[in-house]
Structures are given as structure tokens and as C-alpha cells.
Amino acid sequence: MTREDIRNSIRDLVRKFDTTDPNKICDNLGIARLNNDLGSEIMGYRLQYKRISIIVLNTRNTEQENYVTCCHELGHHVCGHSTNTEFLKHSNLVYVRQGVEYEANTFMVELLTYGVNAAEYMNEEQLLRDRNVPKWAERYVDWNYIKNNADLSSFDSIY
């Protein structure tokens, strides 16, 4: 999927379910979420069993880590990745340029920043922090898109 396809999918989900919360979107899509102790390395994963999507989150994660991981794993579902995907691990939180992990990471960042008004923030760092975008995922942010869609008339802005 292209970034534009991902944005359109997110827009449709948000309009349909009136939320950007990945947990509520999963509930509405019938995606089961389980919590298990996955050790210290694995953050979560998505699997399909008999056409049922299941997201497994690590009980050792913080609430914020599970929120972000759920966004990422939901991205695999929405992007139509039919195979069971690689575990999201602390050691593989790096920028990738293509493939299913690129699409899932892009989905995650686009969902976390959906509807953001850059004019409401003092700087990019504050926006990322407030929207819970992990440091490792900053390279997936489309700053041109976010800045070009800022409503500069609503707030004092640095742009």
C-alpha cells in the first residue's frame, strides 16, 4: 500500500468508528487482543488463525508501548498482510524502506498523528511526544504533509 492508501484507510476507519484508538478499532473490526508474557524482547505480534486476526501484546510492556504496538499490529491487518508477520521486538525497532514492516510502521505513525494540527505545538519534538510517536519511528513521519495541513489561523505557530 502507498502512504496515501494507508491515510485513506485510516480516514475511513476513523469516520466509521468515530475513534483513533487502536483498541476500539480492533473491537469494532472483531480483532481479538490477548496479553501474554512474551519475555523481555518481544513487544507483540499479529497472527491469523482460521481467518481470525489476533493481536498479542506483552504484559511486560508499558501501557504506552502496548498502545503503539497495537497500532503497528493493526496496521498489518488493515494493510491486508495475510501472513503471520515478524514479532515486533525491541531489537528490530529500526527504519525499513519497504515491505510489510514499512507499511505497518507507516500505518502506526499515520494513526498516531491522524488529525494533528501542527500549529498547536511549539515544535516537532513536542508534537511527537504528545502524540506518543516513539523515537525510533520519527523517520516515518511525513512532516511535509503535517505542516501543509496545519491550520495556522487557529493558533500561534512556529511555521
Side-chain angles (χ1 to χ4, degrees), residues 1-15 17 19-26 31 33 35 38-46 55-81 83-159:
M1 293 181 89
T2 67
R3 185 178 290 270
E4 193 61 33
D5 293 335
I6 291 169
R7 280 191 189 121
N8 289 337
S9 295
I10 291 170
R11 183 198 65 231
D12 293 345
L13 288 169
V14 170
R15 286 181 180 169
F17 301 128
T19 186
T20 59
D21 183 330
N23 296 296
K24 291 178 182 177
I25 293 171
C26 285
I31 300 171
R33 286 178 326 288
N35 295 294
L38 302 175
S40 61
E41 182 61 18
I42 297 171
M43 297 179 71
Y45 61 93
R46 173 188 168 259
I55 293 175
V56 182
L57 302 171
N58 194 339
T59 55
R60 295 187 189 193
N61 290 346
T62 65
E63 188 175 319
Q64 181 177 348
E65 286 173 326
N66 272 337
Y67 190 87
V68 168
T69 301
C70 188
C71 287
H72 172 91
E73 300 303 337
L74 176 60
H76 283 299
H77 176 84
V78 172
C79 292
H81 304 153
T83 59
N84 294 334
T85 55
E86 182 180 343
F87 295 127
L88 185 62
K89 300 177 188 176
H90 289 282
S91 64
N92 70 358
L93 300 178
V94 296
Y95 182 76
V96 292
R97 297 180 202 280
Q98 60 187 12
V100 296
E101 292 306 312
Y102 171 82
E103 290 179 358
N105 288 337
T106 299
F107 181 95
M108 173 190 72
V109 168
E110 290 290 335
L111 183 59
L112 291 170
T113 60
Y114 180 83
V116 69
N117 181 5
E120 295 177 11
Y121 298 91
M122 295 289 292
N123 54 43
E124 293 173 357
E125 184 179 321
Q126 182 193 24
L127 185 152
L128 295 173
R129 187 179 55 250
D130 288 356
R131 300 304 287 227
N132 295 314
V133 176
K135 197 86 172 142
W136 65 267
E138 289 178 9
R139 289 186 63 190
Y140 293 95
V141 176
D142 183 350
W143 288 112
N144 288 332
Y145 179 82
I146 288 175
K147 291 174 183 177
N148 289 337
N149 286 289
D151 181 3
L152 303 178
S153 65
S154 64
F155 290 89
D156 291 334
S157 174
I158 63 168
Y159 302 116

**Student:** Between the side chains of H76 and E101, is a donor N or O closer than 3.5 angstrom to an acceptor N or O?
**Tutor:** yes
**Student:** Going by the rule side chain to side chain contact (heavy atoms under 4.5 Å, CB included), which residues pair with Y145 if we only count those two or more places apart in sequence or in a different chain?
**Tutor:** R7, D142, N149
**Student:** In sequence, state the C-alpha distance, the side-chain angles, and the governing distance for N61 and N66, and then conclude on side-chain hydrogen bond (donor to acceptor under 3.5 Å, both in side chains).
**Tutor:** CA-CA 6 Å; N61 290 346; N66 272 337; 2.7 Å; yes
**Student:** Can you confirm whether the side chains of D5 and T2 place a donor and an acceptor under 3.5 Å from each other?
**Tutor:** yes
**Student:** For a quick test of reading the model, state the closest non-hydrogen atom pair linking S9 to M1 and the distance between them.
**Tutor:** OG-CE, 3.4 Å
**Student:** Using 0.5 Å steps for rounding, measure from the CD1 atom of I55 to the OG1 atom of T69.
**Tutor:** 10.0 Å
**Student:** Under the side-chain contact (heavy atoms from CB on, under 4.5 Å) criterion, do I25 and L111 qualify, and how do the steps go?
**Tutor:** CA-CA 11 Å; I25 293 171; L111 183 59; 4.3 Å; yes
**Student:** Rounded to the nearest 0.5 Å, what separation is found between the CG atom of N132 and the CD atom of Q64?
**Tutor:** 4.0 Å
**Student:** As an exercise, state the distance from OH of Y45 to CG of L57, rounded to the nearest 0.5 Å.
**Tutor:** 10.0 Å
**Student:** Please name the pair of heavy atoms, one in V100 and one in H81, separated by the smallest distance, quoted to 0.1 Å.
**Tutor:** O-CE1, 3.3 Å
**Student:** Just how far is it from atom OG1 of T20 to atom CZ of R11, taken to the nearest 0.5 Å?
**Tutor:** 15.5 Å
**Student:** Go through the steps for N123 and Q126 under the test side-chain contact (heavy atoms from CB on, under 4.5 Å), then give the verdict.
**Tutor:** CA-CA 6 Å; N123 54 43; Q126 182 193 24; 3.4 Å; yes
**Student:** Working to the nearest 0.5 Å, report the span between CD of E124 and NZ of K147.
**Tutor:** 4.0 Å
**Student:** Quickly, which of I6, I10, L13 forms a side-chain contact (heavy atoms from CB on, under 4.5 Å) with V78? Name it, please.
**Tutor:** L13
